[in-house]
Structures are given as structure tokens and as C-alpha cells.
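Report on the structure given below.
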Amino acid sequence: MIEENTFIGYEYKSMIINPEMESLYIDGYHNFGWILESSLPNSLKGGLAIKFKRDRKIRNKAELIRLSRQFDACVEEVNELERSKTIMPTITAFTIGLIGCVCMAISVFAITAVTPNIIVSIIAAIPGFIFWILPYFCYSLLKSKQINKINPLIDKKYDEIYEVCEKANGLLT
């Protein structure tokens with residue numbers, strides 16, 4: 001009786017990802033022959049540690065590696081685009097709030113000076129209050145504009161990810 005060799009050698013891949021992208025990585029890497037082995041929260045880096053395994057003797061390995069790198073690059077571009085939605089609105093709102101603080105400081109120094117100047121204090125306090133309230137509305141408006149501008153780019157990247165996964169899945173079958 002001849003016994004077949006049933007040994008399967010695996011290669012492993014582990015990474016720390018954004019928890020919001022967990023399903024994308026799990027579904028995407030499945031198309032490259034990777035099987036999810038574990039998914040645990042990583043408190044040190046604030047992400048999610050996922051670990052995959054796949055058969056070492058998989059066919060078309062070089063092409064799958066190339067496609068998985070393209071997949072990783074597309075996912076990283078999606079992450080960058082998601083972050084860019086809030087960068088400019090945050091900087092703008094922070095700057096406006098800082099100007100409000102400067103105006104309020106001028107107002108306080110004008111009223112507490114050796115010779116108090118109430119007129120200068122009032123003139124500086126009015127824009128100070130306005131610039132303290134304005135950042136909220138400015139942030140909301142700029143963020144909605146950024147979202148409307150960036151969401152089509154993100155959708156294109158997701159389409160590209162889908163195409164890469166479809167090619168890789170075709171190589172596995």
C-alpha cells in the first residue's frame with residue numbers, strides 16, 4: 001500500500017491594519033490564496049493585528065505577489081485619501097481659533113493695562129468671540145467640500161482594488 005504525502009507547507013504573513021479596513025483585507029487577501037488565521041486587537045500600535053497563511057506550493061506565486069503588492073498600494077492610497085478629507089479643514093479651523101485667541105489676548109491686555117483702554121478692549125473682543133465660534137462652521141463646510149471632492153477618487157481606487165482581486169482570483173483557479 002502506497003501512502004500519499006499529505007503534508008502541506010504554509011507561508012505566513014502578519015500585519016497591523018486599521019480596524020475599519022479589516023473586511024477589505026480579509027476579503028482581498030483571500031483572492032491571493034491567503035487564509036485568515038487570526039485577527040486580534042493590537043493595543044501597542046492602536047490597530048488590528050491580522051495573520052494569514054497560504055500553501056507554499058501555490059501556482060503563479062510571482063504574479064500573485066505582484067498583484068498583492070498592487071492591492072496593498074491601492075489600499076494605502078485609500079487610507080491617504082480618507083485622511084486627506086480632514087487635514088485642510090482641521091488646519092483652517094485651528095488657525096481661525098488661534099486668531100480668536102490672539103484677539104481675546106489683546107482685549108485682556110488692553111483692559112488690564114496701566115491705563116485701561118476700554119474701546120480697544122471691546123474692538124478686539126468682538127472679532128475674538130467671532131473667531132472662537134467660526135471654526136466649527138468653517139470645519140463643517142470645508143470637510144463637506146473635501147468629502148465631495150475626494151469620494152469619487154476613493155470609489156475609483158475601490159474599483160481598481162476589485163479589478164486586481166479579480167485578476168488574482170483568476171490565477172488561483
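Please read these numbers as outputs of a predicted model, since none were measured by experiment.
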Would you kindly confirm whether [X] and [Y] end up in one hydrophobic cluster when ILVMFWY residues are joined by side chain heavy atoms under 4.5 Å apart?
X	Y	value
I26	I35	no
I147	I91	no
F131	I123	no
L67	L24	yes
F109	W132	no

Could you tell me which non-hydrogen atom of [X] sits nearest to which non-hydrogen atom of [Y], and how far apart they are?
X	Y	result
S121	A110	N-CB, 3.9 Å
Y12	W34	C-CZ3, 4.0 Å
I154	E82	CD1-OE2, 3.3 Å
N31	C165	ND2-CB, 3.2 Å
I106	A124	CG2-CB, 3.8 Å
G97	P135	N-CG, 3.7 Å

Candidate pair Y139 and T86, rule side chain to side chain contact (heavy atoms under 4.5 Å, CB included), full reasoning
CA-CA 9 Å; Y139 177 82; T86 58; 3.6 Å; yes

Side chains of [X] and [Y], heavy atoms from C-beta outward: is any pair under 4.5 Å?
X	Y	value
E160	D155	no
I118	I111	yes
Y25	M15	yes
I161	V75	yes
F32	I58	no
I16	I50	no

Quick one: [atom1] on [X] to [atom2] on [Y], what's the gap to the nearest 0.5 Å?
X	Y	atom1	atom2	answer
R66	L171	CZ	CG	9.0 Å
L134	L141	CG	CG	10.0 Å
L142	K149	CG	NZ	10.0 Å
Y158	L81	OH	CG	10.0 Å
Y10	E37	OH	CD	9.0 Å
Q146	T90	CD	OG1	10.0 Å

Take a 6.0 Å sphere around [atom1] of [X] and say whether it holds more than 12 heavy atoms from other residues, nucleotides or ligands.
X	atom1	answer
K13	NZ	yes
I119	CD1	no
K143	NZ	no

So, are R83 and E76 salt-bridged, with charged N and O less than 4.0 Å apart?
yes

Mind running salt bridge (Lys or Arg N to Asp or Glu O under 4.0 Å) on K157 and E163 for me, showing each step along the way?
CA-CA 10 Å; K157 278 295 158 191; E163 289 172 10; over 6 Å; no

Ring pair (Phe, Tyr, Trp, His ring centres under 6.0 Å) involving F52 - partner list, sequence neighbours excluded
Y29

Could you walk me through whether F129 and M104 pass side chain to side chain contact (heavy atoms under 4.5 Å, CB included), step by step?
CA-CA 8 Å; F129 281 121; M104 290 307 286; 3.9 Å; yes

What verdict does the side-chain hydrogen bond (donor to acceptor under 3.5 Å, both in side chains) test give for E22 and S39, after you've listed the backbone C-alpha separation in whole Å, the side-chain angles of each residue and the deciding distance to 0.1 Å?
CA-CA 9 Å; E22 179 182 15; S39 172; 2.9 Å; yes

Side chain to side chain donor-acceptor pair (under 3.5 Å) partners for K53, two or more places apart
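Checked K53 against side chain to side chain donor-acceptor pair (under 3.5 Å); zero matches.
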
Where the side chain of S107 meets the backbone of C103, is there a donor-acceptor pair that is under 3.5 Å apart?
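Here the side-chain-to-backbone pair does not exist.
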
Using the salt bridge (charged side-chain N to carboxylate O under 4.0 Å, His left out) rule, pick out the option among K57, R56, R54 that qualifies with E11.
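Running salt bridge (charged side-chain N to carboxylate O under 4.0 Å, His left out) over K57, R56, R54 with E11 returns exactly one hit, R54.
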
